[in-house]
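What follows is a set of notes on a single structure, which appears directly below.
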Amino acid sequence: LKIRHCLILFAMLALCDGEKESLVLCGVCLRHRRLEPAGHAFHAIHEKPLLEAKRKSKGGGQESASRGARREGSDDEAETPADASWRKKRKAAGSEKRSALKLGQMLVGQDLYALLEVPENASAEQIKKQYRKLALTHHPDKINAGTDADAAAPAGAVDGESCGLSAKEIQFVRIQEAYEVLSDPAKRRQYDSSLDFDESIPDEVDERSDFYETFGPVFRRNSRWSARLPVPDLGDKDTDINRVHKFYDFWFSFESWRDFSMHDEYNLDEAEIREERRWMERQNQKIRKKYEVEERRRIIRLVEAAERFDPRLRLEREEKEAKKAEEKARRARIKQEEEEAKQREIEERRLQEEKEKAEREEKEREEREQRKQNKQVTKTLRQRLRKCTQASLDTIEAEELQEMSLSLEAEQLENLCVRVEALSGKAVLEAVRSELAEWRQKRAADEVENARQREEARKREEQKALESKAAASAGTPWSTEELGLLAKGLQKFPGGMGGRWGLISQFLHSAGSQRSEQEVVAKTKELSEGQSLRSMGSRLSAEWQGPKAFGGKAAAPKPQAKPAAVAVAAAAPKAEAASTDASANGASPAATEWSVEQQRALEAAMQRYPNSLEKNERWRLIAEEVPGKTKGQCVDRFKYLREQINKQKKG
């Protein structure tokens, strides 16, 4: 849009009294000014007033023509794409926040569905079809001339209006306005929500009717507000239980489209500024929210009441409770049976134990009685035998006979008594001496057999020792540093300590020597033997100067005390040499009559049973390991060897 101002010069020649005179009336020089559209503000200030003035100056038909011309895009009133986009946005925003429905004055108190002669649940297509039918019927052009329809309604006759229209024309206007409301889905929902509605909820089932007749109409009445279609039906007593659950799930999550804008406190059209309009919207929204929450609570109360009185759900609950009670009773019965079986098993076990105990006690008692009887019988038989041979035998033979009678069974002793009692005189003496000779031979044979068995056991032990020694020697030879570490480990972890050999092996591993527990045990046994220990001791004293860590320097050796078993083993060869002199000088046989095998067995037993054991128990165990020697003889031997060691130290 351009506004141009030009230089305007007006010159006139004035003739006054026949004289010509040049007169300048006006001379104005204006600058050019260029104006262009600048958005909505420019349109509202400069263009909108002009357009409004043009519309007012023209008639209604011209107004529609001007709207058509504007739509066609005239130069002065063309709508730019930006304006169209803004107008669409404004309409969309307004549709989301619609104000309360305001019916025209002609529709106040009228039933719109009755005006269009359609039911309340009619579809949009049915409403449209009925409107067209009524429009043709009530259109003023269809009314015959000269009838009462042509008479104008008196002023104030129709709803207090002075419109100058006849009754049929007013009816036609009402039909048009009703169709405008019902054809718009949003307005129709607002209108439907404003109609009277029965919100009552049954508190109990009517005695004259059943559950389905009481709650069925209520659910059908409230289903008109459902936003989801189709709405499931309540059904009857034959309805499948799954469909019943789906019905209640639908109503518990019911989505209502019911509009409560009729309760709005403020009219948005009365707002003067945008901030006031927004404030009104917020206040109206709070009021609507309150009614929506109350509507939701009402629907929930209805569904809970129906669920409480529904005979199908009651039956299902009773069946579930019956199954639960049956399952509980079954579990209790199984548990009781298990407890009873367990109690029976315990009782049977107790009775069996008592029976076995009684049988065992009875057997022991019988055995005691039998031993007692046998003892008494053998005692009587020995007295008989001694009485028969008392005058014939000397003292030594009598003692041997007593020893033989103690070793014989009752039956053998009785046979001997019968044979001796059948003889007399010297025949008795000869028979007794013959029996004594046979008994001596048998005892000697038994002693030889026992000695042979002990020798075989000793050989087996030696074989095992040789095998372990061979297995130990088959490994990597022990270095001087490893032997020093072994000696230190033997002193650090003395005999009697739990897991001693494992600790010594770990000690060697920490120093860098990868020796197993079996190798440590085998090497210690090898060092505990007399000759081997002396040779190793000489090597250690000559070559080893202290435990040397692998990859490090040798440390100064510390004096270490020998274990008792090793000291005894070291002193044993010298004690053997000294035993010859002792036997020559008449020393005690307990200290001199020891073989090499007995000496080795003593050393091994002393290593096996350390000093941590009780004294008497230790020497008893040691004596069991030494063949042919008693506990006292082992103690005497140890004392003798200790004396020899002390003498060597003093010398």
Around Glu409, counting heavy atoms of other residues, nucleotides and ligands shown, do more than 12 lie under 6.0 Å from its CD?
no
Shortest non-hydrogen contact from Ser253 toward Asp249
OG-O, 2.9 Å
Using a 4.5 Å cut-off on heavy atoms from C-beta on, say whether the side chain of Ile299 contacts that of Ser256.
no
Check this for me: does any side-chain nitrogen of one of Arg312 and Glu316 sit under 4.0 Å from a carboxylate oxygen of the other?
no
Flag side-chain contact, heavy atom, 4.5 Å: Val520 against Phe507:
no
Provide the closest heavy-atom pair for Ser505 versus Ser516 in the form atom of the first, atom of the second, distance.
OG-C, 3.8 Å
Where the side chain of Glu624 meets the backbone of Leu621, is there a donor-acceptor pair that is under 3.5 Å apart?
no
Atom pairs and distances, donor-acceptor, side-chain atoms in residues 326-334, under 3.5 Å, two or more places apart:
from	atom 1	to	atom 2	distance (Å)
Glu327	OE1	Arg330	NE	3.3
Glu327	OE1	Arg330	NH2	3.3
Glu327	OE2	Arg330	NH2	2.4
Glu327	OE2	Arg331	NE	3.2

Indicate yes or no: at least one non-hydrogen side-chain atom of Gln633 is less than 4.5 angstrom from one of Thr630.
yes
side-chain hydrogen bond (donor to acceptor under 3.5 Å, both in side chains) involving Asn616 - partner list, sequence neighbours excluded:
none
So, using salt bridge (charged side-chain N to carboxylate O under 4.0 Å, His left out) as the criterion, who are the partners of Arg460 when residues are at least two apart?
none
Can we say Arg452 and Glu456 salt-bridge, meaning some charged N sits less than 4.0 Å from an Asp/Glu carboxylate O?
yes
So, Gln599 and Arg637: side-chain donor and acceptor under 3.5 Å apart, yes or no?
yes
Is there a side-chain contact between Gln370 and Glu366, using heavy atoms and a 4.5 Å cut-off?
no
Can you tell if the side chain of Trp501 reaches within under 4.5 Å of the side chain of Thr524, non-hydrogen atoms only?
yes
Lys/Arg-Asp/Glu bridge criterion (N-O < 4.0 Å) met for Arg443, Glu403
yes
Measure from the side-chain N and O atoms of Gln598 to the backbone N and O of Ser595, and report whether any donor-acceptor pair falls under 3.5 Å.
yes
Flag the pair Trp251 / Phe254 as yes when their ring centroid distance falls below 6.0 Å, and as no otherwise.
yes
Check each of Phe250, Phe247, Phe211 against Phe219 using the ring pair (Phe, Tyr, Trp, His ring centres under 6.0 Å) test, and report the only one that passes.
Phe247
Sequence neighbours left out, what passes salt bridge (charged side-chain N to carboxylate O under 4.0 Å, His left out) with Glu411? Give chain and number order.
none
Leu313 and Ile241, any side-chain heavy atoms less than 4.5 Å apart:
yes
Charged N to carboxylate O under 4.0 angstrom, Lys523 versus Glu482?
no
Scan for ring-ring contact (aromatic ring centres under 6.0 Å, His included) pairs involving residues 608-637, sequence neighbours excluded, and state none if there are none.
Trp619-Phe638
May I ask you to decide if His509's main-chain N or O and Ser513's side chain share a donor-acceptor pair within less than 3.5 Å?
no
For residues 348-356, please give each side-chain donor-acceptor pair under 3.5 Å, one per line with the distance, not counting sequence neighbours.
from	atom 1	to	atom 2	distance (Å)
Arg349	NH2	Glu345	OE2	3.3
Arg350	NE	Glu347	OE1	3.4
Arg350	NH1	Glu354	OE1	3.4
Arg350	NH1	Glu354	OE2	2.5
Arg350	NH2	Glu347	OE1	3.3
Arg350	NH2	Glu347	OE2	2.2
Gln352	NE2	Glu356	OE2	3.2

